[in-house]
Amino acid sequence: MKKHNFYAGPSILSQYTIKNTAEAILDFAGTGLSLMEVSHRGKEFVAVNDEARQLVKDLLDVPSTHEVVFLGGGASMQFCMVPYNFLKKKASYLDTGTWASKAIKEAKIFGEVDVVASSKDKNYTYIPKKYTVAPDSDYFHITTNNTIYGTQLKEIPSVSVPLAADMSSDIFSRTVDVSKYDVIYAGAQKNLAPAGVTIAIVRLEALGKAGRPVPTMLNYLTHTEKESMFNTPPVVPIFAALQTLKWYKEMGGISVLQKKNEEKAAVLYDEIDRNRLFRGTVAPEDRSLMNVCFVMNDEYADLEAEFAAYAAAAGMIGIKGHRSVGGFRASLYNAMPLESVQALVETMKSFEKTK
């Protein structure tokens, strides 16, 4: 039976990425050595690192004012790195979920934090729309997609201060104007690579101006100046990231991926809205293209465990919702084929017919 991988992260990767990475683990670049055991300073891996960083720039149209670096520590490390490097006196944050609130907590260590709006009052089921960002803010931090709650910013806020963004769960899924941001960061384990590497895109002229000593490993300048090679990088995830980026380029780039993502999400949301057993959990205008959250309608709530077992028997893997939301969550990252989404929809339809 075919398995359909809807895990939220670590998540589905393209077969292109998996196959090429597996081969390199056995024999990397014809060296006769495994990718896991070669020097990161060797010319073969330096070429991988350089090509991967350049492909990020090409795919996202990164301007020359910015640099791309690969880091460790996950997006959670960025929660402190961003204020460490950019917060001088005050920063503004939009609270749209668990990860945004964790970023706010870390930023408060470094200076004043203005939480301009929050959707916590309704369990983060919508994106706040009406708020004011103080013009004297050093930056405005947003989380563009909320993996746990299934919401997504459809339009990037127009503000007079630099933007900082956690794009962990929707980077490479749609076009983005990088020039508006001082920093974009993302854990790799959704749309890029296995867990273990984090991508950051930083505006060079904004670095080194926080007015505080920054520990070496937490200083973006350390990594931009050494082209992600200051210390030993996570070679396997970076190699896998390169394969994913090559695949994206072969697919036609970000605009093509965005169109496919919109199509996949529409197929599933249409069924959720049609099917009498289910309902979506977030405001329709804020529904995520990446993480689709839904529950049983109230009158069918007692069927949740039965549907979960039914779906698992049909090969649907990883659709259990996060404990903060309950119900179900289907993650539709770039590598998720339309056929898998259609299979989930058919499973929902067939279950409905039994009730």
Side-chain angles (χ1 to χ4, degrees), residues 3-22 24-25 35-36 48-49 52-53 55-56 59-60 68-82 97-100 102-103 143-152 165-174 176 183-201 223 228 232-248 254 257 261 264 288-293 317-324 329-337 340:
K3 302 292 186 181
H4 304 277
N5 181 3
F6 293 96
Y7 277 125
S11 59
I12 188 171
L13 291 168
S14 72
Q15 287 302 306
Y16 181 100
T17 297
I18 293 171
K19 179 178 181 292
N20 289 345
T21 304
I25 285 175
L35 172 64
M36 297 186 293
V48 167
N49 182 69
R53 290 169 52 246
L55 272 176
V56 172
L59 286 164
L60 295 180
V68 173
V69 289
F70 293 125
L71 306 169
S76 294
M77 182 69 80
Q78 299 300 302
F79 296 163
C80 76
M81 278 188 74
V82 169
T98 298
W99 304 114
K102 289 179 181 292
T143 304
T144 55
N145 187 77
N146 299 288
T147 319
I148 291 174
Y149 298 96
T151 59
Q152 185 177 33
D166 178 356
M167 294 189 182
S168 291
S169 53
D170 67 351
I171 196 167
F172 301 114
S173 72
R174 57 181 177 174
V176 57
V183 58
I184 293 170
Y185 62 91
Q189 65 273 17
K190 271 92 171 177
N191 266 337
L192 187 60
V197 67
T198 303
I199 186 172
I201 306 170
H223 304 285
S228 300
T232 306
V235 294
V236 174
I238 291 175
F239 182 88
L242 173 59
Q243 307 316 303
T244 300
L245 295 165
K246 285 181 175 179
W247 185 62
Y248 289 167
I254 304 303
L257 291 168
N261 290 329
K264 290 183 295 185
S288 170
L289 298 181
M290 296 286 96
N291 309 103
V292 179
C293 294
I317 307 300
I319 66 167
K320 182 179 180 181
H322 190 273
R323 60 185 177 276
S324 300
R329 172 178 55 180
S331 296
L332 313 182
Y333 299 121
N334 289 345
M336 170 63 64
S340 289

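Everything numeric in this text was worked out from a predicted model, so none of it was measured.
Exactly one residue among Asn291, Thr151, Asp170 makes a side-chain hydrogen bond (donor to acceptor under 3.5 Å, both in side chains) with Asn145. That residue is Asn291.
Panel note: side chain Thr143, backbone Asn146; no donor-acceptor pair is recorded below 3.5 Å. Between the Arg174 side chain and the Asn261 main chain, no donor and acceptor come within less than 3.5 Å of each other. In this structure a side-chain-to-backbone donor-acceptor pair under 3.5 Å is missing from Tyr185 to Gly74. Side-chain N or O atoms of Ser11 include one that pairs as donor or acceptor with a backbone N or O of Lys190 at under 3.5 Å. Side chain of Lys102 to main chain of Phe79: no donor-acceptor pair is present (N/O by atom type, distance under 3.5 Å, no hydrogens or angles). Thr244 places a side-chain N or O within donor-acceptor distance of the main-chain N or O of Leu192, the cut-off being under 3.5 Å.
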Show the numbers, then the answer: is there a side chain to side chain contact (heavy atoms under 4.5 Å, CB included) between Phe172 and Ile199?
-> CA-CA 12 Å; Phe172 301 114; Ile199 186 172; 4.3 Å; yes
Give the intermediate values and the outcome of side chain to side chain contact (heavy atoms under 4.5 Å, CB included) for residues Trp99 and Ile148.
-> CA-CA 9 Å; Trp99 304 114; Ile148 291 174; 3.8 Å; yes
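Contact of the Phe70 side chain with the Pro233 side chain is not registered, since no non-hydrogen atoms from C-beta on lie closer than 4.5 Å. Side chains of Lys264 and Leu289 form no contact here, defined as non-hydrogen atoms less than 4.5 Å apart. Residues Met81 and Leu71 meet the side-chain proximity criterion, which asks for heavy atoms closer than 4.5 Å. Proximity of Tyr333 to Leu13: side-chain heavy atoms (C-beta onward) are nowhere separated by under 4.5 Å. Under the 4.5 Å side-chain criterion, counting only non-hydrogen atoms from C-beta, Met77 is not in contact with Thr198. Considering only heavy atoms from C-beta on, Leu332 comes within 4.5 Å of Phe6 through its side chain. In this structure the side chain of Leu60 reaches within 4.5 angstrom of the side chain of Val176, judged on heavy atoms. Side-chain contact between Met290 and Asn191 is present, with heavy atoms from C-beta onward closer than 4.5 Å.
Of the inter-residue distances, the one linking Ile12 atom CD1 with Asn5 atom CG reads 5.5 Å to the nearest 0.5 angstrom. Note: His322 NE2 to Thr147 OG1 = 9.5 Å, rounded to the nearest 0.5 Å. If you take CZ on Arg53 and CG on Leu242, they are separated by 12.5 Å, rounding to the nearest 0.5 Å. The line from OH of Tyr248 to OG1 of Thr17 is 7.5 Å long, rounded to the nearest 0.5 Å. Here the CZ atom belonging to Arg329 is positioned 10.5 Å from the OG atom belonging to Ser288, to the nearest 0.5 angstrom.
Between Ala8 and Ser331, the closest heavy-atom pair is CA-OG, 3.3 Å. For Ala240 against Pro194, the heavy-atom pair with the smallest separation is CB-CD, 3.4 Å. Residue Asn334 comes nearest to Ser173 through the heavy atom pair OD1-CA, 3.6 Å, listed as atom of the first residue, atom of the second, then distance. The shortest heavy-atom contact between Pro10 and Ala195 is CG-CB, 4.3 Å. Listed here is the closest heavy atom pair of Ser168 and Asp166: OG-OD1, 2.7 Å. Nearest heavy-atom pair, Ala52 versus Leu245, reported as atom, atom and distance to 0.1 Å: O-CD1, 3.4 Å.
The environment of Tyr7 atom OH is sparse: at most 12 non-hydrogen atoms of other residues, nucleotides or ligands sit within 6.0 angstrom.
For Gln189, there are no side-chain hydrogen bond (donor to acceptor under 3.5 Å, both in side chains) partners, not counting sequence neighbours.
With hydrogens and angles left out, the side-chain atoms of Tyr149 and Thr98 include a donor and acceptor closer than 3.5 Å.
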